[in-house]
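First up is the structure itself, then whatever we jot down about it.
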Amino acid sequence: MGIIFNKDTKEFHLYNDNVSYLMKVLRNGQMGQLYFGKRVPHRDSYDYLIENRYRPVSAYVFDDEYSFTLEHLKQEYPSYGTTDFRMPALEIWQPNGSRITDFKYVSHKISKGKPALKGLPATYTESEDEADTLEILLRDELLKVEMTLSYTIFQKENAIARNARFENKGNQECQITRAMSLCLDLPDDEYEWIQFSGAWGRERHVRTRRLEQGVQSVGSARGASSHHHNPFVMLRRPTADEFQGEVLGFSLVYSGNFLAQAEVDTFKVTRMMVGIHPLGFSWCLKPGEEFQTPEAVVVYSGEGMNGMSQTFHRLYRERLARGYWRDRERPVLLNNWEATYFDFTEDKLLDIARNAKEDGVELFVLDDGWFGTRCTETSGLGDWWPNTDRLPQGIKGLSEKIEALGLKFGLWFELEMANKDSELYRAHPDWVIQTPGRHMSHGRKQYVLDFSKKEVVDYIYELVAKILRESKVSYIKWDMNRNITECFSDGYGPERQGEIFHRYILGLYDLYDRLNREFPQILFESCASGGGRFDPGLLYYAPQCWTSDDTDAVERQKIQYGTSYAYPLSSMGAHVSITPNHQANRVTPLKTRGNVAAFGAFGYELDLARLTREEREIVKEQIRFVKKYRKLIHTGTFYRLLSPFEGNFTAWMVVSEDKRQAIVGYYKILNDVNREFRRLHLKGLEENLLYHMVEEGQENGCFYGGELMNIGMVTTDNGAGEVPAGEEPCCDFWSRVVVLEARE
């Protein structure tokens, strides 16, 4: 691993064992992109990669010369209007009305390790030897604004983290109206664009299309990363698949408005950009002030989409998530929401908790309805003190009683919202986001608190901290059920209204960070009506996220499969709920519900006392299984094998680091009759190891890794021919979980 600077050619080569990133200072002083991909040998000059020649109708930089135009050059951080007519990474509105900029190379610095980003989440290192960082300083002499482009290459991962920082060294303010975190110009357009889109209850479904000339993009302007599009996209070579071929993954470590965009020009160059969405964005950069973009991470894989995902999984699990819970086994929890909704008393909660403890649950979580006057969704949000009519001794008393049962206690909050029917709103109606003189829209009778104001964040922090200081709370589910409308803050002048969306996210991060610091052993799980803010930014503060409000085992296969392209299994809250399912109204076997939820941060959303004796025994076995294998599931190497978006079957597996253990999940959606014999080709095993196959506690043969990968694991079920005597027939929504163990 290293970073080489060639002083004569002004070229930079960032490399590790697997990847190379090449760029250089162009003749006009701007930064040019040369190559990103599989590791190449170092050489003294890569100037042959700069191709530029005269073409009709182009514009040229230098007088009396027709061989240098930015329109045909690949660049690192381009601007619009000085011979490049493509979408820019940067735009600054200046006092005279101009938006033309000219940032030229001044100097650079190479350092070990990776510096933190002030006020923003980012990947990190724990030793200087894990990464090298290059910071390139550029300056616009007319504006007296400096820009620092930062690149970190990791020793063990095929990943580069990027960001940009601006500082006004002049005496006039200007407005940054576009500042992307990453721009990468690729030499051709032979890619398929893959995005992860959907809506509430069907988040992160896989959508694929071929790159075409013009602009294609996904993004969010909702104030959150959103259910609708995730701040992660892939570019895949048409011949690549899950296991082979070139794939690029682009991920933004941010929780607010974002844009991911690919522009293919008429010469088939692809410009890929990721960053804060420029719609409605501006940042007033006064003299002496700075602006920092969020971090973006780009990953290269020559081993298909699984190879790319495995890089993101390791990096985000080990060097984005942090703190006490990063490497610890996550507790099996039971959340009372679908068991009671708002209809509960302390006695009812304790009964649910006792049954949960009896079956092996480790953590009881009290959801919505415990505070203020909250008995429906129309009141109480913002009043974070216990409702003693429901909980006579408050959260303190309930949490102590739960712990006396031998369980840990968790609590639900929705800290970013207020109802009009609340003490907070009556005292501070100016603390919600609203535009003067305009109608104020609502969502679920709630309004978004103005987290761009420090006094609002401080107030909420003190209310929450008081509860946590006096109670025994081990887990917080942090919900957010409403996107931002009528975005305006009376705490800022007109020149700063374009900053409010971003300042809101900075306030959110500040609140998370302060609570993390004071209560480092609390496990935070982020939630936004399910998966409406499942992004890398929040993994920095909350190592797991509620993947979706849709807990149906069939729908969850698609949701968890799509989520796995960028996010580790340890980050996916995955629970077993009642049937018929409350979202899809589907009836699925309890076994399958557990077999899907096992591949995530496991828990339950039901009252166990309402199950039959036989079902309770199944629950106990599910919990025993998860406790035994959760470390492997959360830290092993994950492989997607069969896609629920492409057929009637889903399959995935996790393999331990030493390859001596593996767990395979195999799911059939609809039953079929008199069908073919089937095999599933496994991945990641050791060819010559002999694996014992265990299913539902029973050994089912021994097979070499080479057999299971090359011949395949037999997955023929009772849909093939007549059902043998004594065997249970298959049904719709059938599943298997198989454990493979290499023994001496």
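Values reported hereafter were calculated over all heavy atoms of this structure, with side chains retained and with hydrogens, waters and symmetry mates removed. Computed from a predicted model, the values in this text were never measured in an experiment.
In terms of heavy atoms, Ser577 sits closest to Leu606 at C-CD2, 3.6 Å. Residues Leu14 and Ile153 approach most closely at C-CD1, 3.8 Å, considering heavy atoms. Heavy-atom minimum distance, Lys74 versus Leu186: CD-C, 4.1 Å. Closest heavy-atom contact between Ala566 and Tyr316: O-CD1, 3.8 Å. Closest heavy-atom contact between Arg210 and Asp189: NE-O, 4.2 Å. Nearest heavy-atom pair across Ile433 and Cys487 is CG2-CA, 3.7 Å.
For Tyr604 and Gln622, the side-chain atoms include at least one donor-acceptor pair closer than 3.5 Å. Between the side chains of Trp337 and Asp368, no donor-acceptor pair is found at a separation under 3.5 Å. At a cut-off of 3.5 Å, with distance as the only test, no side-chain donor of Gln195 or Gln216 sits close to an acceptor on the other residue. A side-chain N or O of Tyr567 and one of Asn230 form a donor-acceptor pair less than 3.5 Å apart. Side-chain contact of Gln583 with Asp549: a donor-acceptor pair under 3.5 Å is absent, judged by distance alone. For the residue pair Gln557 and Thr650, a side-chain donor N or O sits within less than 3.5 Å of a side-chain acceptor on the partner. A donor-acceptor contact closer than 3.5 angstrom links the side chains of Asn481 and Ser529. Residues Ser225 and Ser255 bring no donor and acceptor atom of their side chains to less than 3.5 Å of each other. In this model, a donor atom of one side chain and an acceptor atom of the other lie less than 3.5 Å apart for Glu525 and Gln544. Side-chain contact of Tyr300 with Glu246: a donor-acceptor pair under 3.5 Å is present, judged by distance alone. Side-chain atoms of Glu203 and Ser548 form a donor-acceptor pair, as typed in the model, at a separation below 3.5 Å. A donor-acceptor contact closer than 3.5 angstrom links the side chains of Arg204 and Thr563.
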Problem set entry | Residues Gln75, Gln33; criterion side-chain hydrogen bond (donor to acceptor under 3.5 Å, both in side chains); working and verdict | CA-CA 5 Å; Gln75 298 163 67; Gln33 157 62 211; over 6 Å; no

Problem set entry | From CA spacing to verdict: salt bridge (Lys or Arg N to Asp or Glu O under 4.0 Å), Lys268, Asp188 | CA-CA 5 Å; Lys268 296 190 175 183; Asp188 64 75; over 6 Å; no

Exercise. Hey, mind stepping through His681 and Tyr639 against ring pair (Phe, Tyr, Trp, His ring centres under 6.0 Å) and telling me if it holds?
Worked result: CA-CA 11 Å; His681 291 270; Tyr639 293 88; over 10 Å; no

For this session: Please assess Asn163 against Gln292 for the test side-chain hydrogen bond (donor to acceptor under 3.5 Å, both in side chains), listing each intermediate value before the final yes or no.
Result: CA-CA 8 Å; Asn163 67 79; Gln292 173 69 59; 2.9 Å; yes

Exercise. Is there a side-chain hydrogen bond (donor to acceptor under 3.5 Å, both in side chains) between Glu416 and Trp478 once you walk through the steps?
Worked result: CA-CA 9 Å; Glu416 302 162 62; Trp478 186 313; 2.9 Å; yes

For this session: Begin from the C-alpha positions of Thr637 and Glu657 and carry the test side-chain hydrogen bond (donor to acceptor under 3.5 Å, both in side chains) through to its verdict.
Result: CA-CA 7 Å; Thr637 303; Glu657 185 176 358; over 6 Å; no

For this session: Kindly determine whether Arg162 and Glu76 satisfy salt bridge (Lys or Arg N to Asp or Glu O under 4.0 Å), including the steps that lead there.
Result: CA-CA 11 Å; Arg162 291 184 53 177; Glu76 282 299 303; 3.5 Å; yes

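Screening Leu515, Asn516, Leu511 against Tyr541 for a side chain to side chain contact (heavy atoms under 4.5 Å, CB included) leaves a single residue, Asn516. When each of Tyr667, Tyr666, Trp734, Tyr561 is tested with Phe649 by the rule ring pair (Phe, Tyr, Trp, His ring centres under 6.0 Å), just one qualifies, namely Tyr666. With Glu242 as the partner, the salt bridge (charged side-chain N to carboxylate O under 4.0 Å, His left out) test is satisfied by one option alone out of Lys683, Arg236, Arg640: Arg640. Checking each of Phe232, Phe154, Phe638 against Phe312 for a ring pair (Phe, Tyr, Trp, His ring centres under 6.0 Å) leaves exactly one that passes, namely Phe232.
Between the side chain of Asn257 and the backbone N or O of Arg222 there is at least one donor-acceptor pair closer than 3.5 Å. For the pair Arg330 (side chain) and Phe602 (backbone), a donor-acceptor distance under 3.5 Å is absent. Here the side chain of Ser226 pairs no donor or acceptor atom with the backbone of Gly532 at under 3.5 angstrom. The backbone N or O of Thr588 lies less than 3.5 Å from no partner atom in the side chain of Thr592, so there is not a single donor-acceptor pair. In this structure, His227 contributes its side chain and Ala528 its backbone to a donor-acceptor pair below 3.5 Å. Side chain of Asn648 to backbone of Leu670: a donor-acceptor contact under 3.5 angstrom is found. A donor-acceptor contact shorter than 3.5 Å is absent between the side chain of Arg586 and the backbone of Ala553. Without hydrogens or angle criteria, Thr208 side chain to Ile194 main chain gives no donor-acceptor distance under 3.5 Å. Between the Arg165 side chain and the Phe291 main chain, no donor and acceptor come within less than 3.5 Å of each other. Although no hydrogens or angles enter the test, the distance criterion places a donor-acceptor pair under 3.5 Å between the side chain of Ser220 and the main chain of Ala224.
One finds the CZ atom of Arg271 at 4.0 Å from the CG atom of Asp185 (value rounded to the nearest 0.5 Å). Remark: Arg533 CZ to Ser526 OG distance equals 7.5 Å, nearest 0.5 Å. In this structure, NE2 in His575 is found 7.0 Å from CG in Asn335, a value given to the nearest 0.5 Å. In this structure, OH in Tyr77 is found 9.5 Å from CG in Leu182, a value given to the nearest 0.5 Å. Distance CD1/Ile559 to OG1/Thr551: 9.0 Å, rounded to 0.5 Å. Here the SG-CG distance, from Cys545 to Leu538, works out to 7.0 Å after rounding to the nearest 0.5 Å.
Within the 6.0 Å centre-distance limit, the rings of Phe645 and His205 are counted as a close aromatic pair. Taking the six-membered ring for Trp and the full ring otherwise, the centers of His502 and Tyr254 sit less than 6.0 Å from each other.
Both tests pass for Arg322 against the ring of Tyr540: distance under 6.0 Å to the centre and angle within 45° of the axis. A cation-pi arrangement is present between Arg556 and Trp546 under the rule of less than 6.0 angstrom and at most 45 degrees off the ring axis.
For Glu303, the CD atom counts as loosely surrounded, since its 6.0 Å shell holds 12 or fewer non-hydrogen atoms of other residues, nucleotides or ligands. Tyr80 OH: 12 or fewer foreign heavy atoms inside a 6.0 Å radius.
The pair Glu318-Arg314 does not count as a salt bridge, with every side-chain nitrogen at least 4.0 angstrom from each carboxylate oxygen.
Residues meeting the ring-ring contact (aromatic ring centres under 6.0 Å, His included) test with Phe36, sequence neighbours left out: Tyr21.
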